[in-house]
Peer 1: 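Handing you a structure now.
Numbering of ligands and ligand atoms starts at 1, following listing order. These values consider heavy atoms only, across backbone and side chains, with no hydrogens, waters or symmetry-generated copies.
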Amino acid sequence: MSKDIFAYLQNELDSLAKSNNLRKLPEVHHDNNRIIRNGNNMLNISSNDYLGLASDVLLRNRFLEECRDRDYLFTASSSRLLTGNYTVYDELEQHLVTLYGSESALVFNCGYHANTGILPAIADAATLVLADKLVHASIIDGLKLTDSKNIRFRHNNYEQLERLLAHNAHLYDRIIIVVESVYSMDGDLCDLLRIVALKKQYDNVLLYVDEAHGVGVFGQTGLGLAQECGCIKDVDFIVGTFGKALASTGAYVICRSVVREYLINKMRPLIFTTALPPVNIAWTKFIMENLYSFEDKRKHLRSLYENLIKAVKLKTGECNSQSQIIPFVAGESEKAVEMSVKLQKKGFYVLPVRPPTVPQGTSRLRFSLTASITKDEMDRLTEAINQL
Ligand SMILES: *Cc1c(COP(=O)(O)O)cnc(C)c1O
């Protein structure tokens, strides 16, 4: 390693570039659900705006109309534990409790905070955490901060999970299983009912489900996969984020009251940060109040999924996606980049995903659907995929 730190950093960047893995902040302009980059106007198929709410002007105007009589501030000026706990926070949390029929709910600044804060607060040295191999980076970072022993089981491998539970349940005070409902790089789902059944065989096993890509999209009223599976009550920690399908910012956990109170006392990313601005919380609350009414969008998203997965399977032979996130695995990074450039030339903004985000040799195009895509646009996209 070079002694000159800056030369060393440049070297590292050069080798990332050499392997086609150098990241840059893209210079992009937005026009509703379209992206304009280097003069090329493209349909955005890379955002997490799954229901198309972020670009819904009517919805935004309805909100602005509603909050005319309420003077929502643009900053909370403080942590919620000091003076930042505006009434709208309680209103949102109360609404979440009503929606989920849970004991309580707690709102955070983002999913990254939720996942780097909850587990470190509750998982002590007498805890074993069993996390799926493919959980999000924020959970992995959270696990680095825990005092617990942590084991990652093979992705969606419930035989292994069952063995790990059987071997370890009596050795620890408690075990926490950590999974995602929808996996962000493959778009596949966890088998929530099977995990719940496993958990129920023990009285010291808890379940933590990150629904970042599930809320808004799955469930009878859009509350996520746990709602769709009818097992909200069996999940001890449902973590959802507001920044994706829900078109806002922030995150929440659905949990027992005692957990909420404990987190307020122990969770560092809740305590040591300025709360989100009340105006953002009000917008989130508005979205949550209207969530049930987006059923037609969820249905349309589902039909877009059916079309796209058919086209991808025709080219790749297989694809395990069961959600709005659909990967087209290309193999080498170079190939994924090349395909992405081709689709962009045809007006589709699809991005390559490369290591370290995904394992070596599985670089891919990652389609991320939004309900604002029309049937016509989808037909043109599947045609373009066909010609790749
Ligand atoms: C996006 C994401 C997060 C982080 O949420 P933010 O609110 O964007 O910080 C956490 N978990 C998963 C699975 C995600 O996809």
Peer 1: Students should be able to answer this: which protein heavy-atom is nearest to atom 14 (C) of ligand 1, and at what distance?
Peer 2: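 Of every protein heavy atom, Lys244 NZ, 2.8 Å lies nearest to atom 14 (C) of ligand 1.
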Peer 1: Can you see whether Ser340 engages Gln344 through a side-chain donor-acceptor pair at a distance of less than 3.5 angstrom?
Peer 2: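 Yes - a donor-acceptor pair under 3.5 Å links their side chains.
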Peer 1: Can you tell me which residue and heavy atom of the protein come closest to atom 11 (N) of ligand 1, and the distance to 0.1 Å?
Peer 2: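 Ranking protein heavy atoms by distance from atom 11 (N) of ligand 1, first comes Asp210 OD2, 2.7 Å.
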Peer 1: Side chains of Thr370 and Asn44, heavy atoms from C-beta outward: is any pair under 4.5 Å?
Peer 2: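 No; the side chains remain at least 4.5 Å from each other.
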Peer 1: For Arg34 and Asn41, test the side chains for any donor-to-acceptor distance below 3.5 angstrom and give the result as yes or no.
Peer 2: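 Checked: Arg34/Asn41 side chains pair up, N/O donor to acceptor below 3.5 Å.
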Peer 1: So which protein heavy atom does atom 6 (P) of ligand 1 come closest to, and at what separation?
Peer 2: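 Minimum-distance protein heavy atom for atom 6 (P) of ligand 1 reads Gly111 N, 3.3 Å.
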Peer 1: Is it possible for you to check whether Arg302 lies under 6.0 Å from the centre of the six-membered ring of Tyr305, through NZ or CZ, and within 45° of that ring's axis?
Peer 2: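 So Arg302 does make the cation-pi contact.
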Peer 1: Classify the ring geometry of Tyr100 against Tyr252: parallel below 30°, tilted from 30° to 60°, perpendicular beyond 60°.
Peer 2: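 Geometry flag for Tyr252 against Tyr100: tilted rings.
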Peer 1: Taking non-hydrogen atoms only, is Asn115 closer than 4.0 angstrom to ligand 1 via side chain, backbone, both or neither?
Peer 2: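 Just the side chain.
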Peer 1: Taking the non-hydrogen atoms of Ser138, is any one of them nearer than 4.0 angstrom to ligand 1?
Peer 2: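 Yes, Ser138 has heavy atoms under 4.0 Å from ligand 1.
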Peer 1: Tell me whether the rings of Phe63 and Tyr72 are parallel (<30°), tilted (30 to 60°) or perpendicular (>60°).
Peer 2: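 Rings of Phe63 and Tyr72: parallel, under 30°.
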Peer 1: Answer yes or no: are there more than 12 heavy-atom neighbours, outside Glu334 itself, under 6.0 Å from its atom CD?
Peer 2: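 Counting other residues, nucleotides and ligands, CD of Glu334 stays at 12 neighbours or fewer.
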Peer 1: For ligand 1, which atoms sit closer than 4.0 Å to a heavy atom of His213?
Peer 2: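 Near His213, the atoms of ligand 1 are 14 (C), 15 (O).
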Peer 1: Can you check whether Tyr112 has an N/O within less than 3.5 Å of an N/O in ligand 1?
Peer 2: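 In this structure, Tyr112 places an N or O atom under 3.5 Å from an N or O of ligand 1.
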Peer 1: Heavy-atom contacts with Cys110 under 4.0 Å: which atoms of ligand 1 show up? List them by number with element.
Peer 2: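 Numbered from 1, ligand 1 contributes 7 (O), 9 (O).
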Peer 1: Give the atoms of ligand 1, by number and element, whose distance to some non-hydrogen atom of Glu180 is under 4.0 Å.
Peer 2: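 Matching atoms, with element in brackets: 13 (C).
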Peer 1: Mind checking whether His113 contacts ligand 1 via backbone (N, CA, C, O), side chain (CB onward), both or neither, at a 4.0 Å heavy-atom cut-off?
Peer 2: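 Contact part for His113 vs ligand 1: neither.
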Peer 1: Which of the atoms of ligand 1 are close to Ala212, meaning less than 4.0 Å from one of its heavy atoms?
Peer 2: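 Those of ligand 1 that fall under 4.0 Å from Ala212 are 2 (C), 11 (N), 12 (C), 13 (C), 14 (C), 15 (O).
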Peer 1: Indicate, with yes or no, if Leu73 and Val88 share a hydrophobic cluster defined by side-chain heavy-atom contacts under 4.5 Å among Ile, Leu, Val, Met, Phe, Trp and Tyr.
Peer 2: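 Same cluster: Val88 reaches Leu73 through Ile, Leu, Val, Met, Phe, Trp or Tyr contacts under 4.5 Å.
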Peer 1: Examine Ser184 against ligand 1 and note whether any of their N/O atoms are separated by less than 3.5 Å.
Peer 2: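 It does not: no N or O of Ser184 is found under 3.5 Å from an N or O of ligand 1.
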